[in-house]
Visitor: 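Here you go, one structure.
Chain identifiers are assigned alphabetically (A, B, ...) following the order of the sequence lines, protein sequences preceding nucleic acid strands; residue numbering begins at 1 within each chain.
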There are 2 protein chains.
Amino acid sequence: MLSADRKKNRVTLLDVARRANVSRATASLVIRKSPLVGAETRQRVEEAIQALGYVYNMGAARMRAERSRTVGVVVPNLTNPFFGELLSGIEALIDSAGMVVIVANSGDLVERQDLVMRRMREHGVDGVILCPAADTEPAFLDRIAEWELPLVQTLRHISEEIDYAGADYAAGMRQAVDYLASLDHETIAFAVHGPMHSAYHERIEGFRDAMRSLGLNANMILRVPDQLAQIADATHLLFEQTEQPTAVICFNDVIALGLSGGLYDRGLQVGRNFSLIGFDDVTDAEALRPRLTSVSTAPVAIGETAAQLLLDRLADPARPPRRVVQETQLRVRQSCGPATV
Amino acid sequence: MLSADRKKNRVTLLDVARRANVSRATASLVIRKSPLVGAETRQRVEEAIQALGYVYNMGAARMRAERSRTVGVVVPNLTNPFFGELLSGIEALIDSAGMVVIVANSGDLVERQDLVMRRMREHGVDGVILCPAADTEPAFLDRIAEWELPLVQTLRHISEEIDYAGADYAAGMRQAVDYLASLDHETIAFAVHGPMHSAYHERIEGFRDAMRSLGLNANMILRVPDQLAQIADATHLLFEQTEQPTAVICFNDVIALGLSGGLYDRGLQVGRNFSLIGFDDVTDAEALRPRLTSVSTAPVAIGETAAQLLLDRLADPARPPRRVVQETQLRVRQSCGPATV
DNA sequence: CTGAAAGCGCTTACAG
DNA sequence: CTGAAAGCGCTTACAG
């Protein structure tokens, strides 16, 4: 009954056209702001739209026009504030392009990612921005290319032939290492966790290269738990190495936050007895005590870039693929001090 | 050219039907898993789908069926981890119902919210979950009701006649106050910030009622900056009151994190010289030192509840409105100690 | 259980 | 600048 009412009441473009004494095609042109329509006609149509309370039906338009003004965004995790910031940047740009974003969570699982991408296709998104789940095969992206579904990779990349927006993680690592070296640290640990993907490897390699080029031991890499709550209790790992580190670089600020607590629990004073440096520079970094020195990767800006890449590709599907890699920035605060050996 | 190719190549239900030697209607029934189709016929159709690489066209289906399997979610902020967790809960449930979520950011601005809701309508979402922007007028929700667009409010509520999913903020405040009182605190400040909306007022009233019912001064409410980075510097406000508080309850964990730094900067030891209690219990609470005692409001669970309310309403548009208000839980950690006066 | 027909509300050429 | 016609790919009654 209800939906029957709704249907019956629905005012269509034809109703508008009739009331304005024009054809449906003309009314359609007015709505799409075509310059082909005369000012007087346009006004009549707009009045009719107002009077009738006409609502544009994207569903019908997309069917005919073969585009939906909809883009998909799939991320491995919605709970992590980092992805929230990324999403925020994407949404802002997509919105200002008059489009809308459909968001989905892959849980960093390739099977779910498969499902989610299929669903995106059925919903007829015009394109998708994907942070590929760990272990995504290149063949998966090839398949999407066969669908002719425009795609951009973000934060992690699998294929060189597909647009990518990210940050220069290796350079960020070099900034962190160089800074610690300038404070005379020589034995520096790198604490990592999480799944292994391009961003993971870039950070590891960045650390290694930077250490080696300074003639330092590049092998002190230790894995800590994924869950923030358990990281503090893994701090002892720092003190079970063959050599005693005086500083630790963290894969991300989550680890930095966790180790910061663990160091405190051991009675160490971060920035005095031990130096700690984070990665990502989430908002908490500034609020911590001592304030956390961290390498900023600006996720909001990455999101905006990813969205712009997709918009550009939609405009020209044939353009060559681009990689836009943002510079990172070291935010020096209080969590590092001179090496005291 | 490209899109022409795509169009030409598109395999439709009619192609599938022909290949399987059935009518289009029958093929449609198979896709929608209707029990009306015989097993042998079903299999033939499924083989044809496989062989042809048929992709279901939601756009066409939604037009005919008058529903889109799409729900809108509009939040005032995507950057705040709290909303990320809410969104995560919503997405999980909506996904498992075979639907998809369109997300939008109102920026907590009524004008943008207006725009965004209009866009949602044009896109034909089946319903929307809204965290209303501060200063949303009840008339705004009435208008949406006139659109016959199913709606559920979350975290904040404007109208009693519309479904709502939230937490019992007032009870949470009472838990915080009672706990501090049990440690003999008598002069307790309440630090707030942000826009004023139902959740704001509920916390304020919850604080006041709890304090008054213990015979304590319920008026020590102070506003701190919205931005985390600036909160620490507002800590002095705590020490410019007519009476000297021995504890502060924070409107949320962001404030708690900020004041925790500010207290540290003044040489105070949280949990010894001064007690601090947060609200929301974000993941950081456990990682801070001293560990932050906080009232948990479980945003993921609120998101799931909101999604379930919407699903239920979609199933029965006429059902009476419901309010589902989750219990909060006090997570006692290390940031509170006995009053030392 | 299956088929032929109508129609959802728009946009796109094509004429004029 | 405007109009008449066709069609996007499905689902929904209605017959059989």
Side-chain angles (χ1 to χ4, degrees), chain A residues 1 3-45 48-49 52-70 121-124 126, chain B residues 1 3-45 48-49 52-70 121-124 126:
Chain A
M1 243 348 64
S3 76
D5 278 17
R6 197 171 172 180
K7 185 162 151 186
K8 201 173 294 171
N9 289 344
R10 174 149 222 159
V11 8
T12 77
L13 204 47
L14 187 54
D15 300 322
V16 170
R18 279 191 187 125
R19 172 150 183 147
N21 275 317
V22 299
S23 77
R24 195 157 63 190
T26 305
S28 175
L29 290 173
V30 170
I31 279 172
R32 284 174 293 143
K33 307 199 194 309
S34 160
L36 297 177
V37 184
E40 196 267 341
T41 308
R42 145 162 296 125
Q43 197 183 342
R44 258 191 1 254
V45 172
I49 287 173
L52 263 27
Y54 170 73
V55 179
Y56 185 64
N57 184 332
M58 264 301 304
R62 68 190 284 176
M63 180 153 181
R64 183 63 233 239
E66 308 245 315
R67 71 170 194 204
S68 64
R69 298 200 156 281
T70 277
R121 182 149 88 129
E122 292 185 349
H123 274 273
D126 292 336
Chain B
M1 243 345 65
S3 77
D5 277 17
R6 197 172 171 180
K7 186 161 151 188
K8 201 172 294 171
N9 289 343
R10 175 150 220 157
V11 7
T12 77
L13 203 48
L14 187 54
D15 300 321
V16 170
R18 278 191 189 129
R19 173 152 183 146
N21 273 318
V22 299
S23 78
R24 196 158 62 189
T26 304
S28 176
L29 290 173
V30 169
I31 278 171
R32 285 174 293 142
K33 305 199 195 311
S34 160
L36 297 176
V37 184
E40 195 267 342
T41 308
R42 145 162 295 125
Q43 198 183 342
R44 256 193 359 255
V45 173
I49 287 173
L52 264 27
Y54 170 73
V55 179
Y56 185 64
N57 184 332
M58 266 299 306
R62 68 189 287 176
M63 180 154 181
R64 183 64 234 237
E66 308 246 314
R67 69 165 195 210
S68 64
R69 298 199 156 281
T70 278
R121 181 150 87 129
E122 291 184 350
H123 274 272
D126 292 336

Visitor: Measure the distance from CZ on R18(B) to C1' on dG3(C) and round it to the nearest whole Å.
Guide: 14 Å

Visitor: Kindly say if T26(B) contacts the phosphate of dG3(C), meaning a side-chain N or O under 4.0 Å from OP1 or OP2.
Guide: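 It does, given that an N or O in the side chain of T26(B) lies less than 4.0 Å from OP1 or OP2 of dG3(C).
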
Visitor: Can any side-chain N or O of S68(A) pair as donor or acceptor with the backbone N or O of G124(A) at less than 3.5 Å?
Guide: yes

Visitor: Measure from CZ on R64(B) to C1' on dC10(C) and round the result to the nearest Å.
Guide: 15 Å

Visitor: Pairs under 3.5 angstrom, nitrogen or oxygen only, protein versus nucleotides 13-16 of chain D, please.
Guide:
none

Visitor: Does this structure show an ion pair linking E40(A) with R44(A), if we count only N-O contacts that are shorter than 4.0 Å?
Guide: yes

Visitor: Let me spell it out: for each of L29(B) and G59(B), pick the nucleotide of DNA chain D with the closest heavy atom. Which residue's pick is nearer the 5' end?
Guide: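 Nearest-nucleotide comparison on DNA chain D picks G59(B).
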
Visitor: Looking only at the side chain of A65(B) (C-beta and beyond, no hydrogens), which of the listed nucleotides dG9(C), dT12(D), dT2(D) gets closest?
Guide: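 My answer, after comparing the listed nucleotides, is dT12(D).
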
Visitor: So, OP1 or OP2 of dC10(C): does either fall under 4.0 Å of a side-chain N or O from S28(A)?
Guide: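 Looking at the OP1 and OP2 atoms of dC10(C), neither is under 4.0 Å from any side-chain N or O of S28(A).
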
Visitor: Ignoring backbone atoms, establish whether S23(A) has a side-chain N or O less than 4.0 Å from OP1 or OP2 of dG3(D).
Guide: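 S23(A) to dG3(D) OP1/OP2: side-chain N or O found under 4.0 Å.
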
Visitor: Using OP1 and OP2 only, check whether a side-chain N or O of R67(A) sits under 4.0 Å from dT11(C).
Guide: no

Visitor: Take atom NZ of K33(B) and atom P of dT11(D), then tell me their distance rounded to the nearest Å.
Guide: 12 Å

Visitor: Classify R24(B) by what it touches in the nucleic acid, base, sugar-phosphate, or nothing, heavy-atom distance under 4.0 Å.
Guide: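 Answer is base: heavy atoms of R24(B) come under 4.0 Å of a base.
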
Visitor: May I ask you to verify if any side-chain N or O of T41(B) is less than 4.0 angstrom from the OP1 or OP2 atom of dT2(C)?
Guide: yes

Visitor: Can you tell which of dT11(D), dC10(C), dG9(D) lies closest to the side chain of M63(B)?
Guide: dG9(D)

Visitor: Less than 3.5 Å apart, any donor N or O on the side chain of R24(A) or S28(A) sitting next to an acceptor on the other?
Guide: no

Visitor: Could you check how far CG of L13(B) sits from P of dA4(C), rounded to whole Å?
Guide: 14 Å

Visitor: Which one is paired to dA15(C), where only Watson-Crick or G-U wobble pairs with both distances under 3.5 angstrom count?
Guide: dT2(D)

